[in-house]
Amino acid sequence: MSIRLRSLRWLVLYLVSSSVLAAAPDGVVAVSHPAAAAAGARTLAQGGNAIDAAAAVQFALNVVEPQSSGIGGGGFMLIHLAKTGETLIVDSREQAPAAATADMFASEGLAMPFPLASTSGLAVGVPGTLRGVDTALRRWGTMKLAATMAPAIELAERGFRVNHFMAEDIAHDGGRTQLQPETAATFRPGGVPLAEGDWLVQRDLAKTLKLIAARGPDAFYRGPIAHAIVKAQQRTRNEIGAAGQGRMTLSDLAHYQVAVRQPLIGHYRGWTLAGMPPPSSGGLTTIQILKLLERFPLGNAAQGYGFGSPKTMHVMIEAMRLAFADRAVWIGDAAAVPVPQTGLLHPGYLASRSALINPDNRMLTPQAGNPLPWDTSLAARPHASRTHRESLHTTHFSIVDRWGNIVSYTSTIENTWGSGITVPGYGFLLNNELTDFNFMPSADAAEGNPGANDVAAAKRPRSSMAPTLLMKNGKPVAAFGSPGGATIINSVLNVILNLIDHGMTPQQAIDAPRLSVTHATGPVSCEGGARFMQPRFSVATQNALRNQGHTGLGEAGTDGCRQTIGSVQAIVMDIATGTHNGAADLRREGAVIRVKPALALPDSRL
Ligand code: GLY
């Protein structure tokens, strides 16, 4: 079946919903933008599998949500193959160039100011998204790269309506759409920021996508686009001069490689999770927090727990503080530094860490633990690394096809609008992913600090991206993930607790307000800024947390839970009925589209 994108618009309007759709044995896409969801649905309707549809969605997102992800960035794609039951990760995380050094974001013993460093070419990592998508397609897809790019090319050439979220991101861009002329020309034509409802055509981007469709990824990694990328990332900010110039070379681009990894597996109350291994902290830290919490009856209101109770929120905060203390010291690119994964997830180690949580009192600022005795290598006690703020943007989508193949994919250009540098003549934004590294080198052999996330040549910066697959009795039941920098981990965690401990439906689990702490010191971020976020965290609960010494909630008696955290797009597989559903997030323009199977099903190649 072949459906033109334009004629799919009615279908989008008809089927797009932020609530769970009626059950049916269909393919389902859940994406943060309806036009990108339609690209995935069109691909499924043409007989493509989940990997083909994921490619189409990612390219379309590059057009309609260019501030969050694209071929100038990187990501982590979790793939579950129905036939073999295998789950694997395509890691297309950006890499530091060969000339990167541990002190490149430091100047005269001080970290460069983040706003300057992150909008200079120095922050640009070697992009991985295109190689990642191409690798996934070649190995597990059924369609050609060019076919999966067709919807994106149409969207870039013909244009699309700027939605509320893009308009807001332009209006509140921290200067990133204004600093470089090519970016300003696209998103602020004539100096006027695009507003909701404006029509956006991206001719340069369409040309680039056509070039890649015609010549393959080498046009990007070795051809004319590579030359343009190298030149563009030599741009710097006057305030930091040559120190802010990117160090990427043609050789770095030509040698970029994706890694196909095994997922990290964790267990929680009889459920199994497959999550991201390093260089993402997504899987390790999520599983750590769950294991620290497992001894508390979080769903039991009779014992003072239950959703949104002070007790539940307190122990969640404490578990997050402990796990993020470990994350700051121990997690980085395991190809470059030893990451004690076995120790960090060892039941003995986790029991010793969980014992630090007092259900009635807030602990003092926790230090990272020492998982090394529970592991096989090294044996010194660490001191915390300095960390810096992390961006709140990125994107996540989830897809299941009619055969049961699943993709859960988080991708990013790091900050909203990335580095703010559009590659001249090619119309796509470059990432600022290298700012996910420590700005100041932290490795210290005497102190036992491994410098897990210090910059190094060809290293991947630590990520928080956490596409996750939830399984019961060995069968996939849900796949989801979120954008949001370090808060990604907590968005995924909140959804897991809502599903497993609080018995919510997938849509309720996504709608419910979230709680997040991303540093050992706090502070607490919590939601309540939109009406759909139910049930609310009451002011009485917030007062109880304040009285325990938790910070970030504002004045006593006020509602300090006003934030918006993440944007979770999920697909759900009902084991009992064999049906597939989706649930999407109103925190962006989340869209679920269900695609009915064609009458004559082409066999999946998987
Ligand atoms: N840049 C966001 C992340 O990797 O977590």
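When a ligand or atom number is given, it counts from 1 through the structure's own listing order.
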**Complete:** Closest to atom 4 (O) of ligand 1 (heavy atoms only, candidates Ser463, Gly418, Gly75) is Ser463
**Item:** ligand 1 atoms in contact with Met465 (distance to a heavy atom under 4.0 Å)
**Value:** 3 (C), 4 (O), 5 (O)
**Message:** Side chain or backbone, does Thr394 bring an N or O within less than 3.5 Å of an N or O on ligand 1?
**Reply:** no
**Asked** For Ile565 and Arg514, which heavy atoms make the closest approach, and how far apart are they?
**Response** O-NH1, 2.6 Å
**Note: Arg93-Asp91 ion pair, threshold 4.0 Å (strictly below)** = no
**Message:** Test your reading of the structure: does Asp436 have an N or O sitting under 3.5 Å from an N or O of ligand 1?
**Reply:** yes
**Which of the ligand 1 atoms, numbered from 1, are nearer than 4.0 Å to a heavy atom of Ser464** = 3 (C), 4 (O), 5 (O)
**Item:** Glu433: numbered ligand 1 atoms lying under 4.0 Å from its heavy atoms
**Value:** 1 (N), 2 (C), 4 (O)
**Message:** Checking side chain to side chain contact (heavy atoms under 4.5 Å, CB included) between Glu414 and each of Val124, Asn432, Leu430, which is the one that passes?
**Reply:** Asn432
**Asked** Going by atom types only, do Gln95 and Asp252 share a side-chain donor-acceptor pair under 3.5 Å?
**Response** no
**Request:** Find all atoms of ligand 1 within a distance of less than 4.0 Å from any non-hydrogen atom belonging to Glu414, and give their numbers and elements.
**Result:** 1 (N), 2 (C)
**Prompt:** Per the side chain to side chain donor-acceptor pair (under 3.5 Å) rule, which among Ser408, Ser32, Ser69 passes with His396?
**Reply:** Ser408
**Request:** Determine whether any heavy atom of Arg93 lies closer than 4.0 Å to an atom of ligand 1.
**Result:** yes
**Message:** Could you check, using the six-membered ring where one of them is a Trp, whether Tyr256 and Phe220 have ring centers closer than 6.0 angstrom?
**Reply:** no
